[in-house]
Structure formats: C-alpha cells, structure tokens
Amino acid sequence: MEKIYFDYASTTPVDPEVVQAMMPYFFEKFGNAASPHAFGREAQKALEEARETLAGLIGAAPEEIVFCSGATEANNHAILGVARANPEGSKHILVASIEHHAVLEPVKYLEKAGYRVTSLKVDATGQVSPDDVKKAVREPTTLMCVMHASNEVGTIQPVAVIGAIAQEHKIPFLVDAVQTVGHVPVNVRALAADLLSLSAHKFYGPKGIGALYIRKGTKVARFLLGGDQERGRRGSTQNVAGAVGMAKALELCVQRMTTEAQEQTRLRDRLLVEIPQRIQGVKVNGHLRDRLPNNAHFSFQGLETESLLMGLDMAGVAASMGSACSSGAMEPSHVLKAMGLAEDFIYGSLRLTIGRWTTEAQIAYLLEQLPGIVRGLRI
Ligand SMILES: *Cc1c(COP(=O)(O)O)cnc(C)c1O
C-alpha cells in the first residue's frame, strides 16, 4: 500500500536540491567554522553566506540572525533571554493562549519563578484581537508573544497590527513564525517583530537547525554559555551543513512561493469544501480567509481523534490532531479549548496539512476513504 503524507505541518521531507547544497559540508568542506586555518575559513565563509541569504529573505540584517538547533531552542532563547536581560523589569508576560508548547512552557517556567502571565484569548476562528492587546499593554510588560500562524488550525494572526501596538509601548515582541516562514511572505520589519523564530524542517530543510532573529538593540541574555560562536550568544560548534541547507531551502520556497501557495490553496479548499459535503457532523476549524495555504482542520462530532487517526493510518494516510502528542494520551488541544469548541466536537479533531509533493490523486484518495472510515467509527 502506498503511504500518503498529510502531515507537512509537523515536518517536511528535505528537498533534494537542499541535500545537494549540503553535501560538500559533510566531507571536503567539513571544517569547524571557528578554526582559523583554511578548513575553518572555508566553513566560516559558507556559514556567513547562509546567514546573509537567510537574513535577506526575511528582511533582517545578517548580524541579527542567531543559528540554533530549531524553533524550540529559538523560543526558549528569546523568552528566557529577555527575562534574564531585564531582572529589574515588570515581570509581566503577555502570551497568546494558542501558542505552541515551545513558547508556553518557557513562559510557564517564568510564571513559577514569579512572573505574572496574561493569556490573550482568541475568538472562535483562533484569532487574537488587537483591541484585547491594547487593553493588556496598559500594564508594564516584559515581553509579548503572539505566533504568526497556528500550527494546529492554520489561522494567521494580525501580527503586524499587534506588533505596532507592542512597538508603541516599547514591549519586546516575539513572533513564532515557524508555520509561515517559507509558506507566506514574512518580513521582520513589516511584522514589527523584535524576536522571530523559525525552523528549517518545516520548509523542506533538515531537522536540527533553526534561527532566532534578534532585532538590533533588543536586550537578550546569552543563551548557551560556552565558546563565543554566534557573537557569544550561543556557544557550540556551528552546524554549517544545516545552515547552508536551511538557507537553500528558504531560497527555493521564496522562489516558488506564489505558485506553491496557489496550488496548495486549491487542493486545501477541496478538502475544506468536500469533506463537510461528504460527511455529516463535521465542523471546519480556523479562519477561512486568514489561513495557511496548506492547512485544513476539522472536528468530527462524537468521534475520538485517536481512532480516526488509526483508521486513516490503516488506509495508508498519515495525518495528525494538530500538535505533536508527547504525553501519549490524546487530551483535547488547548487551542481548540481556547477557541471555545463545543464538548462533542473537541475530541474528534483532524489536521490535514499538504505540501510540495501532494498530488490531486492523493486528495481524491483521501476524500474517497474518509467517509467510510468515519462511518465505521460512528456505528
Ligand atoms: C514545529 C514548531 C515548533 C518547534 O520547532 P522545532 O524546530 O521542531 O523545535 C515551534 N513552534 C511552532 C509553531 C511549530 O510548528
């Protein structure tokens, strides 16, 4: 049986062109970028070129980019780094209720350490309201975190408007842009972000490499203490092949963005329209217009996500509930709860995310299989 992948939001395959670009840095050009000899200088040059490319593609300056292991690290670096750099600050954090755990957990850690945390609620489509932000920023605030787009329901936030409010109140603003970088235009200045996190494996680059954008002048403490790599912000031998791959991956995404977004929107809309046509008791979640091109998210009344995913898996289809399930138990998602989903819809959620290699035939196969699977589970 052919295995079909509908889980591009959790990770993507690496584009073959990206692998090709990385290859030389595993053998002939394997040097440590911190070494002063020829091998090191060669690696250093590739690393700085990758930094320049990546920075340019998100509207940043090269010296504002810190390479790291991925977006979990980037978010931890940003949140804990801002807190540590402002020990005498207000000790108040504003955070969207629908953030990824890579933001929520470091914020929770600070809450335990004495910070006050205000959770920004969302409406039924999963959007934060700029009016709520305006009210919340009346209090002195150390840091505000609002993600660019939800990894679960695909809703894109009015980040530029929220960022302008943060800027006006001089509150450092962190944008987790993992789901948007490479998929929709991202420009750090247009979003008024002071800090922005991204991860290569969400846009056809390798796992284990990401970046944190730190706007010049933003006070952030050093994160990994060790050598003086990454301008002293992150000690550790730099992942040159990873950085080269990430820059190449984003370059390809930006070149193809308009066409890919159009094609994915078309396929995604088939799912959003045809699944509720073919199956009773289905709700489409997330914003219908302000939405990632590759995300379709549903709730099935009276179903359990776990059995739905198992049924799909048996039909060769890999899908997800919307967030990586780390605990093993399928608890209702904090995102759907924050959106106020009704009790009989909240347990049967399904996220279908498509990407570069999704075909019309795969969409047709899914549309053909799903009604039978749901019927079987509802008996
Ligand atoms: C995947 C993801 C992360 C975590 O990224 P890693 O690089 O895997 O650590 C953080 N935020 C969002 C929105 C994500 O989708």
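When reading the values below, keep in mind they use all heavy atoms of this one structure, side chains included, and skip hydrogens, waters and symmetry mates. Start at 1 and go down the list; that is how both ligands and their atoms are numbered.
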**Q** Spell out, as yes or no, whether a donor-acceptor pair under 3.5 Å connects the side chain of N295 to the backbone of T353.
**A**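 Checking the backbone N and O of T353 against the side chain of N295, no donor-acceptor pair under 3.5 Å is found.
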**Q** Tell me yes or no: between the side chains of H92 and T118, is some donor less than 3.5 Å from an acceptor?
**A**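 Distance-only check passes for H92 and T118.
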**Q** Please name all residues satisfying side-chain hydrogen bond (donor to acceptor under 3.5 Å, both in side chains) with S299, sequence neighbours left out, ordered by chain then number.
**A**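 Applying side-chain hydrogen bond (donor to acceptor under 3.5 Å, both in side chains) to S299 gives N285.
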**Q** Decide yes or no for N239 and Y25: does some side-chain heavy atom of the first lie under 4.5 Å from some side-chain heavy atom of the second?
**A**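 They are not in contact (no side-chain heavy atoms under 4.5 Å apart), so the answer is no.
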**Q** Return yes if a side-chain donor-acceptor contact under 3.5 Å exists between S333 and E152, otherwise no.
**A**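 Indeed, the side chains of S333 and E152 share at least one donor-acceptor pair under 3.5 Å.
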**Q** Would you compute the distance between atom CE of M246 and atom CG of L198 and round it to the nearest 0.5 angstrom?
**A**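 The distance works out to 6.0 Å.
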**Q** Do any nitrogen or oxygen atoms of ligand 1 lie under 3.5 Å from a protein nitrogen or oxygen, and which ones?
**A**
| unit_1 | atom_1 | unit_2 | atom_2 | d |
| --- | --- | --- | --- | --- |
| ligand 1 | 7 (O) | A71 | N | 2.9 |
| ligand 1 | 7 (O) | S199 | OG | 2.6 |
| ligand 1 | 8 (O) | H201 | NE2 | 2.9 |
| ligand 1 | 9 (O) | T72 | N | 2.9 |
| ligand 1 | 9 (O) | T72 | OG1 | 2.5 |
| ligand 1 | 11 (N) | D176 | OD1 | 3.4 |
| ligand 1 | 11 (N) | D176 | OD2 | 2.7 |
| ligand 1 | 15 (O) | Q179 | NE2 | 2.8 |
| ligand 1 | 15 (O) | K202 | NZ | 2.7 |

